[in-house]
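Inspection log for the structure reproduced underneath, given as structure tokens.
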Protein chains: 2
Amino acid sequence: MLPSKPTLAIVDDHPIIIEGLTKLLMKKEKFDLIGSFTNGEDFIPFLQTNPVKIVLLDIVLPGIDGMDLCKEIKNISPATIVLAFSNHQERSGIMKMLENGASGYVLKDASIDELLLCIDEALNGRITFSKAINDILTQAQLKENRLTRLTKRETEILKLIAHGATTPHIAELLFLSKFTVENHRKNILQKLKAKNVAELISIANQQGLL
Amino acid sequence: MLPSKPTLAIVDDHPIIIEGLTKLLMKKEKFDLIGSFTNGEDFIPFLQTNPVKIVLLDIVLPGIDGMDLCKEIKNISPATIVLAFSNHQERSGIMKMLENGASGYVLKDASIDELLLCIDEALNGRITFSKAINDILTQAQLKENRLTRLTKRETEILKLIAHGATTPHIAELLFLSKFTVENHRKNILQKLKAKNVAELISIANQQGLL
DNA sequence: TGAAATATAGCTGTTTACAGCTATATAAGA
DNA sequence: TCTTATATAGCTGTAAACAGCTATATTTCA
């Protein structure tokens, strides 16, 4: 019996990238490249009928973006390994891909060897990142939210707000006057530069305050 | 010149775990164990005066928890490597540690070799997970939020709400009656089982709808 | 010790959110 | 095609949020 090579697909809106990756990966003869797509809408029906072992997935795509597509892929075919392959270096985007079930993230600047190594690691079920991504994740730049520091009481109240507690309810819970709670609310809104609770919770989430 | 061994600290509220780890790690003579702590409050002042290369950090701790402590550690000493060492297997907790700058996550069930391997990888600047954690992260269980599916319009309005737009403002932006926007709001609240916007944005964030 | 930050409490408006209904036109799916 | 889902619009209350102020006790820290 022939050892079957893992099936690989590429989703990237730059035809040049697809071209380059195709030549590169085929030269190694380690993978069975069964499809290239420039958008997610074309890839989804393909995935529904063809078993794909691993997908190299760009983040920026026309229509449905790579992050949502990743989630979709893992829903349709949980065994399919998704390896993000993108120029984007924002921490939040990397985390989002992981949250959506990606097995790793390779920066397009990475060397060929680095990419091949990451594909290999991912195929072996391990989560893997190219060097630059690794550094971004571990060298956490956690300075700016020190500027908007909340007090203990404010943090406490913020968490209660996030859980849906109203001002009168919080006042009861903490044995405070509703005026006190209202003042804390105002201070929290001001500190985080939010116009209302909705924006407040968004910002608090982004800053990891919850 | 003697090759200095990396300094290692342990923060875990179970003395037995500390005891076990200490014996185990010392036997290998690869690390210089310079401190063990049963809570974060004791560890922080220590870190401020002693250089620590790597910390094995539990999630559940009395007082400040491991996730917040991780952020604090990376703020005080960005070069210090944090390796989470916990019994907790929830996806959200693992992600939170990564968001706060951890270099990896090892389940307490992991074998000794697995732990040593992860410590080694982390010391080499790589992000690393024990086998079980790896599987949890890649085998994304993304079913349940398919039950609470929002329509295009609802998603659009939800995002605007998250950005702090009020009902009258959204109505203007989308050329709709304020009543229409209000109805969409009600439907969104109901679908996501939220009592008010605060809880709504929290839930939406948890489900990755934003 | 003295200044600054924090936590507390109060008042008065206006605006927005939310609950509870009804109702219709259109689009999508079985 | 016909039912269901979606998007639209309306009304009436009440509750909550928010803006803009003042004021004081307590804590924290330099």
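Every chain is numbered from 1, with letters handed out A, B, ... down the list of sequences. Atoms considered below: every heavy atom in the structure, side chains included; atoms not considered: hydrogens, waters and symmetry mates.
- Between C:dA7, D:dC18, D:dT8, one nucleotide has an atom nearer to the side chain of A:Thr151 than all others, and that is C:dA7.
- In this structure, of D:dT6, D:dC18, C:dA7, it is D:dC18 that holds the atom nearest to the side chain of A:Arg185.
- For the pair A:Ile59 and A:Tyr105, the minimum side-chain heavy-atom distance is below 4.5 Å.
- Both A:Val197 and B:Lys186 sit near DNA chain D, but only B:Lys186 has its closest nucleotide nearer the 5' end.
- When the C1' atom of C:dC21 is taken as reference, atom CG of B:Asn187 falls 13 Å away, rounded to whole Å.
- Residues B:Glu154 and B:Asn187 are in side-chain contact: their nearest non-hydrogen atoms beyond the backbone lie under 4.5 Å apart.
- Atom pair A:Leu150:CG and C:dA7:P shows a separation of 10 Å (rounding to whole Å applied).
- Taking atom NZ on B:Lys195 and atom C1' on C:dT16, their separation rounds to 19 Å, with Å as the unit.
- Atom P of nucleotide C:dA23 and atom CG of B:Asn183 are separated by 14 Å, given to the nearest angstrom.
- Within a heavy-atom distance below 4.0 Å of DNA chain D, the residues of residues 165-180 of chain A found are A:Thr166, A:Thr167, A:Pro168.
- The separation between B:Lys191 atom NZ and D:dT6 atom P is 5 Å, rounded to whole Å.
- B:Arg153 is linked by a salt bridge (Lys or Arg N to Asp or Glu O under 4.0 Å) to B:Glu156, counting only residues two or more places apart in sequence or in another chain.
- Protein atom CD of B:Glu182 is 17 Å distant from nucleotide atom P of C:dT22, rounded to whole Å.
- Rounding to whole angstrom units, CG of residue B:Leu200 and C1' of D:dA16 are separated by 16 Å.
- Residues forming a ring pair (Phe, Tyr, Trp, His ring centres under 6.0 Å) with B:Phe179 (at least two apart in sequence, or on another chain): none.
- Between B:Asp65 and B:Lys71 there is no salt bridge, since no side-chain N of the basic residue sits under 4.0 Å from a carboxylate O of the acidic one.
- If you measure from atom CD of B:Glu199 to atom P of C:dA17, you get 17 Å, rounded to the nearest angstrom.
- Ion pairing of B:Lys30 with B:Asp120 is present here, as a side-chain N (NZ or NE/NH1/NH2) and a carboxylate O approach within less than 4.0 Å.
- Between A:Met95 and B:Met95 the shortest side-chain heavy-atom distance falls below 4.5 Å.
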